[in-house]
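Below, each value reflects all heavy atoms present in this structure, side chains not excepted, and no hydrogens, waters or symmetry copies. Letters A, B, ... mirror the listed sequences (proteins, then strands); counts begin at 1.
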Number of protein chains: 2
Amino acid sequence: MSGADHDAGRQHLLRKLQSLARLSADDAEAILALPMDVQTWPANHPLVREGDTLSACQLILDGFACHHKSLPDGSRQVVSFHIPGDFLDLQGLQLGTMDYGVSTLVPTVVGRVVHTALHELTWRHPRVAAALWRDTLADAAVLREWMLCLGRRTAREHLAHLLCEVAWRFSIILPPVHSMPLTHDDLADSIGLTRVEVSRELEGLRRDGLIGLQPSGVAVLDLDGLARVCDFTPAYLHQDRAT
Amino acid sequence: MSGADHDAGRQHLLRKLQSLARLSADDAEAILALPMDVQTWPANHPLVREGDTLSACQLILDGFACHHKSLPDGSRQVVSFHIPGDFLDLQGLQLGTMDYGVSTLVPTVVGRVVHTALHELTWRHPRVAAALWRDTLADAAVLREWMLCLGRRTAREHLAHLLCEVAWRFSIILPPVHSMPLTHDDLADSIGLTRVEVSRELEGLRRDGLIGLQPSGVAVLDLDGLARVCDFTPAYLHQDRAT
DNA sequence: CGAAACATTGACCCGAATCAAGCATTGTGG
DNA sequence: CCACAATGCTTGATTCGGGTCAATGTTTCG
């Protein structure tokens, strides 16, 4: 938990917001100066429960987390993944109760920023507020693509699409061909299928040489090949950068 | 197309934004004064195509429309419904290209507001900008609930849930027990199933006395009964009002 | 070493898709 | 005013993707 670690997490946030709006030096300084209470959590730890009302937002400084919703019968749907630089519960700043839960997927470091500090930031720095709004819009675009996957793609296409997306987003912050720390249960809850079917489809993709199955997780070996399986087009991520 | 009609549509927008943020009289006046180019379209008319880049936002003044995405093979997923007072393409104001299409479902009147006017509005009226951000967050909450339906509910539960949501949202602007102007194809594209299965499940719900099937569309007869079928809880809509 | 968590595989089942035929409304032109 | 096309709805027979159940294998870690 060195100071440098926290700075790296804040820098991810700043870089993302700068890519979404033209920020002044003053805006940037205010973002980096946000008062933040740093906490470390293990993998699979709940950070927010459905129905909570919050008084602070949590920024991922290091690690990996997801949003999820559940049915009374216990079945669970993961609705999004989040990486360093993402706020996990910006919704709690603006709307009353949380309609989704948040959990870590790997050991994760978060920075808690009290709502008053964020309200002050957005009030004094309208361009930062605009950037956060755009970030919300970009997140919604990802939700829509996931809905298309859930409703209209086959199991294999959906799985391939998810792996493409995660590999693509991870490549911003991690070296390529890094294996992804997702269990088969995580993948199943993300694509709306069962663990058993995930196992079978992963085996199919492995046999085709598109992915590698290691104990540490799934590794994407042939991103272009995978993208061809599922017609992956990263435009919906609304992030401009060299592919 | 009388002036009164346009005012009704604007009033829906104003009322929604006032429920999301405490607006000043000046803020309200600016919203009602937005310069707007009024257009009328038939049912099933495309208003935005996937990939478009826009220079104006379209506000529904009267009617009913949806957002949808498609796969290369032509299959389509409806991702949200929109009613008078909703902007159909706020995303186009903040992000480059549209990742979804927009179509009318019934004859619809929209007001086109050029981006420059909206940028000026949000810049001069930060509370209006905050309200629009909250509106985006509330829309995203609906997308997440739809994902839960797509991934984890059965055909019957999902259909019942959709009917509950639409009936609930329509009740704000229409008399109750109004039949909903959705074809079986529209419903099928919304819940990620086929027209045939929609027909069978609707017949099941009708046999149980929960809905009525008329030529003009589906009418919800027993909202509480329907809600019990699918565990419908309107909290995710983030609209406080007497149920 | 043993327990717990995670992954794989096979046999069988079921919900929804597909294919196909026929019916009911609506609207249009002769 | 009727004919008939177009669109939308219903229903049955059959198929198939993915679920369920169950047994077994593999890591990881206390």
Should the heavy atoms of other residues, nucleotides or ligands under 6.0 Å from CZ of A/Arg49 be counted, would the total exceed 12? no
Once you round it to whole Å, what is the distance between [atom2] of [N] and [atom1] of [X]?
{"X": "B/His158", "N": "C/dA16", "atom1": "NE2", "atom2": "C1'", "value": "14 Å"}
{"X": "A/Arg153", "N": "D/dG17", "atom1": "CZ", "atom2": "C1'", "value": "18 Å"}
{"X": "B/Leu202", "N": "C/dA16", "atom1": "CG", "atom2": "P", "value": "14 Å"}
{"X": "B/Asp189", "N": "D/dG8", "atom1": "CG", "atom2": "P", "value": "12 Å"}
{"X": "A/Leu193", "N": "C/dA16", "atom1": "CG", "atom2": "P", "value": "14 Å"}
{"X": "B/Glu201", "N": "D/dT10", "atom1": "CD", "atom2": "P", "value": "13 Å"}
{"X": "A/Glu197", "N": "C/dG10", "atom1": "CD", "atom2": "C1'", "value": "14 Å"}
{"X": "B/Leu159", "N": "C/dG15", "atom1": "CG", "atom2": "P", "value": "16 Å"}

Looking at B/Thr194, I'd like to know whether one of its side-chain N or O atoms comes within less than 4.0 Å of OP1 or OP2 on C/dA17. yes
Let me test you: for the helix from C/dC1-D/dG30 to C/dG30-D/dC1, what is the angle between the axes at its two ends (five pairs each), rounded to 10 degrees? 30°
So if I define the base as every atom that isn't primed, P, OP1 or OP2, how would nucleotides 1-7 of chain C read as a B/S/- string at a heavy-atom cutoff under 4.0 Å? ------S
Within the 3.5 Å criterion, strictly below it, is a donor on A/Asp185 or A/Thr183 matched to an acceptor on the partner's side chain? no
Which heavy-atom pair separates B/Ala160 from B/Leu226 by the least distance, and what is that distance? CB-CD2, 3.7 Å
Mind listing the closest non-hydrogen atom pair of A/His161 and A/Cys149 along with its distance? ND1-SG, 3.5 Å
Pairwise 5' ranking along DNA chain D for A/Thr154 and A/Ser216, keeping only the more 5' one: A/Thr154
Do [Y] and [X] meet the salt-bridge criterion of a basic N to acidic O distance under 4.0 Å?
{"X": "A/Glu203", "Y": "A/Arg206", "value": "yes"}
{"X": "A/Glu50", "Y": "A/Lys69", "value": "no"}
{"X": "B/Lys16", "Y": "B/Asp86", "value": "yes"}

Which listed nucleotide ([options]) is nearest to the side chain of [X]?
{"X": "B/Arg200", "options": "C/dT9, D/dG19, D/dG12", "answer": "D/dG12"}
{"X": "A/Val196", "options": "C/dA16, C/dT9, D/dG19", "answer": "C/dT9"}
{"X": "B/Leu213", "options": "C/dA16, D/dT10, D/dG18", "answer": "D/dT10"}

Hey, would you say the B/His82 and B/Tyr100 ring centroids sit under 6.0 Å apart? no
For B/Arg153 and B/Cys230, indicate whether the former's side chain and the latter's backbone hold a donor-acceptor pair under 3.5 Å. yes
Residue pair A/Glu203/A/Arg152 against DNA chain C: nearer the 5' end by closest nucleotide is A/Glu203
